[in-house]
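A quick write-up on the structure given underneath.
Indexing begins at 1, ligand by ligand and atom by atom, following the structure's order. In this text, all values refer to a predicted model and were calculated from it rather than measured experimentally.
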Amino acid sequence: MKRENTRKIQIGNKVIGGGNPILIQSMTNTRTEDIEATVEQIHRLEKAGCEIIRCTVPTIEAAQAIKEIKKQITIPLVADIHFDYHMAVASIENGADKIRINPGNIGGEDKVAAVVDAARERNIPIRVGVNGGSLEKELVEKYHGVTAQGLVESALDKVHMIEKQNYENIVISIKSSDVLMCVEAHEILAERTDYPLHVGITESGTIISGNIKSSIGLALILNKGIGDTIRVSLTGDPAEEIKSAKLILRTLGLRKGGIEVVSCPTCGRTKIDLIGLANQVEAMVEQFPLDIKVAVMGCAVNGPGEAKEADIGIAGGIGEGLLIKKGEIIKKVPEDQLLSVLKEELEHWKD
Ligand code: SF4
């Protein structure tokens, strides 16, 4: 896949753009002022695979909390600012590795200049974020509604506000809950700028609808070589966002590593609790840094054949199951030991 040749931007100890791996972001949903809860959540997300974390900064206390939070985490922290430039400046002073603002709603050019000066002093990037829900009235009128063209024009106008201050340490995000509009906006934007793009579908929904909308949107965008960092937005535990983001990148061939679990859809032949087993396997394999495929199949009749493409697999039977490697049956295993036998195999896995 051809990746767009975007500029390299340093965010704390990570780099995005310029063909670097697409990094996974998420956002805490704790009160940022609550340092202990926020650090605890960031550690959990980092363990799940989060590479950049964003925290909301609605108060000066939250901006001050960044200083302590930063001492206790290793991934870069992005401060999310709405409306008040003081919060942006305070977040930068307290060690944020990047800030996310909409320069159009923080109170005018002098306020933008104050934020840019603070960012320049520490050489930290500014993510310019625009959202379909808050597109300027003039652009809605000009394009007869919220459109991809309007979103791009809005984003580039905001970028120019920062460039006018002679600052180009910029990342851009355009978000819309309309998936196809979002895809079109990214295509237009990628043609018109070489700043790295943060890609995500906003307000995508709860676990199922959010995953489907995000997967479709991100796949269509990333598959064109567009995008340098992603966030899957879900109404749920942010750890679910990380899982989905990793899976999307892996499915598109943009990430290696991690066990891929494939499982059959179950049918009338299934005689074991395959749904429960598949969920247990999915959770269990997360601890193994192997780049292999594991199959979880419902029956001994078709399971081994269907699991041929997997490196290792298990198939259910009546009261017992099978351990399978590359489609070959290795041994019979009592049903209640299928999970532990598979785990043991993974512990001693050699290619
Ligand atoms: S592997 Fe067996 S149980 Fe699963 S769908 Fe195929 S035939 Fe049905």
Between [X] and [Y] (salt bridge meaning N to carboxylate O under 4.0 Å), is one present in this structure?
X    : Y    : answer
R250 : E260 : no
E51  : K14  : no
K325 : D311 : no

### Message
For the backbone of Q337 and the side chain of E335, can you confirm whether one donor and one acceptor N or O come within less than 3.5 Å of each other?
### Response
no

### Message
Donor-acceptor check, side chain of N131 to backbone of S134, threshold 3.5 angstrom: yes or no?
### Response
no

### Query
Under 2.8 Å from atom 2 (Fe) of ligand 1, which protein N/O/S atoms are there?
C299 SG

## Note on the structure
Sorted by chain and number, sequence neighbours left out, salt bridge (charged side-chain N to carboxylate O under 4.0 Å, His left out) with E168 holds for R7

